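Encoded as structure tokens, the structure appears first; notes follow it.
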Amino acid sequence: MPEDTRHPLKLLILGGTGEAMELARALEDDARYDPVYSVAGRTSNPRLPDLRCRTGGFGGVPGLVEWIRAEGTHIIIDATHPFAARISANAAAAADQAGCKLLALRRPAWTPEPEDHWRSVPHMAAAAQALGDTPKRVLLTIGQLELAAFCQAPQHHYITRSVELPETRPPHCLCLTQRGPFQLEDELTLLREHHIDTLVTKNSGGEATQAKLQAARQCGVEVIMVERPLLPRANHETATPQAALALLHQFSAGR
Ligand SMILES: NC(=O)c1ccc[n+]([C@@H]2O[C@H](COP(=O)([O-])OP(=O)(O)OC[C@H]3O[C@@H](n4cnc5c(N)ncnc54)[C@H](OP(=O)(O)O)[C@@H]3O)[C@@H](O)[C@H]2O)c1
């Protein structure tokens with residue numbers, strides 16, 4: 001590790017994704033940085049790095065600005081999930097107001113292969129509607145918070161997979177609690193055992209949960225793909241933790 005006598009760069013990592021963890025772990029024991037890793041506190045047993053960590057919302061943009069100013073944060077790293085639109089918008093506004101850098105770590109969206117049967121929809125209500133009237137056997141890999149939309153389509157049989165058990169769920173529903181990454185063989189078994197004909201998923205991107213798309217392709221399962229919300233542009237955007245780390249090193253060296 002290069003010796004550096006300057007004050008370390010103070011970082012706020014907005015986490016909750018595998019990429020955020022990978023970046024955070026790469027910063028452990030690096031004296032050039034003084035990072036804080038932040039999670040929303042949605043899951044009861046979140047994965048956390050060996051860094052200073054905090055849990056829970058900041059209280060909107062004003063709370064985040066106050067927190068950044070109190071800490072003297074130099075760079076906010078928005079490494080949240082691509083569907084976590086509110087915190088990304090807050091991070092952009094707060095960085096602007098507090099005059100600190102914003103680095104967004106955004107994994108690319110998935111795109112269909114020629115053999116895929118995908119239908120893209122803009123939100124969860126549209127996904128429930130796209131299932132149609134004829135009863136289907138549907139795998140929902142959309143997390144536990146947005147299942148209510150499928151209560152409007154009770155004619156289908158659902159299998160849900162999420163990290164925590166959902167509070168609200170549609171009727172005729174079997175809930176599985178599992179945390180990725182998932183392997184292709186397991187995804188094939190899941191689709192076959194439950195005779196799934198339709199998969200509803202968010203276009204999260206990334207490798208940890210993409211095996212289900214490969215399994216759907218192999219089994220001829222239709223995919224209803226909920227596309228990403230619009231996220232604010234950041235001055236600095238990278239697609240991988242490695243690229244984010246390289247950029248941080250540039251910032252650190254250029255001070
Ligand atoms: N949405 C998904 O599909 C999904 C999937 C996997 C993981 N996650 C992770 O779960 C977390 C919450 O997701 P969400 O969809 O509820 O986000 P969201 O709708 O964008 O955020 C809602 C509120 O939760 C708080 N929050 C969100 N992320 C935070 C963080 N990293 N640290 C501190 N506070 C945070 C903020 O509260 P205040 O306004 O009070 O600051 C924010 O306004 C994110 O960290 C995200 O990366 C989300």
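Whatever order the structure lists ligands and atoms in, that order sets their numbers, starting from 1. Worth saying up front: this structure is predicted, and the values here are computed from it rather than measured. Count residues from 1 along the sequence.
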In this structure, are over 12 heavy atoms from other groups packed under 6.0 Å from E167 atom CD? no

Can you sort out the partners of H194 under ring pair (Phe, Tyr, Trp, His ring centres under 6.0 Å), two or more places apart, ordered by chain and number? none

What residues, two or more places apart in sequence or in another chain, satisfy ring pair (Phe, Tyr, Trp, His ring centres under 6.0 Å) together with F150? Y158

Going by the salt bridge (charged side-chain N to carboxylate O under 4.0 Å, His left out) test, which pairs reach into residues 68-85, not counting sequence neighbours? R52-E71, D78-R106

Identify all pairs of nitrogen or oxygen atoms, one from ligand 1 and one from the protein, separated by less than 3.5 Å, and list them with distances.
residue, atom, partner, partner atom, Å
ligand 1, 3 (O), H81, ND1, 3.3
ligand 1, 3 (O), K202, NZ, 2.5
ligand 1, 16 (O), R42, NE, 3.0
ligand 1, 16 (O), R42, NH2, 2.8
ligand 1, 20 (O), A84, O, 3.2
ligand 1, 20 (O), A85, N, 3.4
ligand 1, 20 (O), R86, N, 2.9
ligand 1, 20 (O), I87, N, 2.8
ligand 1, 24 (O), R42, NH2, 3.0
ligand 1, 31 (N), G15, O, 3.3
ligand 1, 31 (N), S38, O, 3.1
ligand 1, 32 (N), S38, OG, 2.7
ligand 1, 39 (O), G60, N, 3.1
ligand 1, 39 (O), N90, ND2, 3.3
ligand 1, 40 (O), F58, N, 3.3
ligand 1, 40 (O), G59, N, 2.9
ligand 1, 40 (O), G60, N, 3.4
ligand 1, 41 (O), F58, N, 2.7
ligand 1, 41 (O), G59, N, 3.4
ligand 1, 45 (O), G15, O, 2.6
ligand 1, 47 (O), G15, O, 3.4
ligand 1, 47 (O), H81, N, 2.7

Answer yes or no: is there a side-chain heavy-atom contact under 4.5 Å between V200 and I142? yes

What distance separates L145 CG from E164 CD, expressed to the nearest 0.5 Å? 9.5 Å

